[in-house]
Amino acid sequence: MSDLTWRKSSFSTDGANCVELAAVADGIRLRESDEPDTVLRTSPATLGIFIRAVKDDRLDRTL
């Protein structure tokens, strides 16, 4: 996975605690900048659903 082009938000200025994304042929990869060896796989559609849920404040905050 070291050959992927990882991107993060321009709002992430200090480089720590950032979610990074990489586009690949079969979807999207996500990782936390301080744990780069742990990588999640998802699709653009699933990531879009998650982002909309966060923006709409539809997630359960009881955890």
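As a basis for the values below, the full set of heavy atoms in this structure was taken, side chains included, without hydrogen atoms, waters or symmetry mates. One-based numbering along the sequence shown. Note that the structure is a prediction, hence the values are computed from the model and not measured.
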Colleague: Which pair of heavy atoms, one from G27 and one from P44, lies closest together, and at what distance?
Modeller: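 That closest heavy-atom pairing would be CA-CD, 4.3 Å.
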Colleague: Under the salt bridge (charged side-chain N to carboxylate O under 4.0 Å, His left out) test, which residues partner R52, sequence neighbours left out?
Modeller: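 None.
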Colleague: What distance do L21 atom CG and I28 atom CD1 have between them, rounded to the nearest 0.5 Å?
Modeller: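 Atom-to-atom, L21:CG and I28:CD1 are 6.5 Å apart.
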Colleague: Got a sec, which residues hit side-chain hydrogen bond (donor to acceptor under 3.5 Å, both in side chains) with T42, two or more places apart in sequence or on another chain?
Modeller: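 Scan of T42 (side-chain hydrogen bond (donor to acceptor under 3.5 Å, both in side chains), adjacent residues dropped) gives none.
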Colleague: So, taking the atom named CG in L47 and the one named CD1 in I49, what distance separates them when rounded to the nearest 0.5 Å?
Modeller: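 One gets 9.5 Å once the value is rounded to the nearest 0.5 Å.
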Colleague: Could you tell me whether E20 and R31 make a salt bridge, using a distance below 4.0 angstrom between a side-chain N and a carboxylate O?
Modeller: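 Counted as a salt bridge, because a side-chain N and a carboxylate O are separated by less than 4.0 Å.
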Colleague: Do D37 and E35 come close enough that some side-chain heavy atom pair is under 4.5 Å?
Modeller: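 Of all side-chain heavy-atom pairs linking E35 with D37, none is under 4.5 Å.
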Colleague: Can you hop from V19 to W6 via hydrophobic side chains spaced under 4.5 Å?
Modeller: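 No, it is not one cluster - the side chains of V19 and W6 are not joined through contacts under 4.5 Å.
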Colleague: Indicate if V24 and L30 have the same hydrophobic cluster label, given that clusters are the connected sets of ILVMFWY residues with side-chain heavy-atom separations under 4.5 angstrom.
Modeller: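 No, separate clusters.
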Colleague: Check side-chain hydrogen bond (donor to acceptor under 3.5 Å, both in side chains) between D26 and all other residues, then give those that pass, not counting sequence neighbours.
Modeller: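 For D26 the side-chain hydrogen bond (donor to acceptor under 3.5 Å, both in side chains) partners, ignoring immediate neighbours, are R29, R41.
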Colleague: Looking only at heavy atoms, which two atoms of C18 and E32 are closest? And how far apart?
Modeller: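 Distance-wise, the nearest heavy atoms are N-OE2, 3.4 Å.
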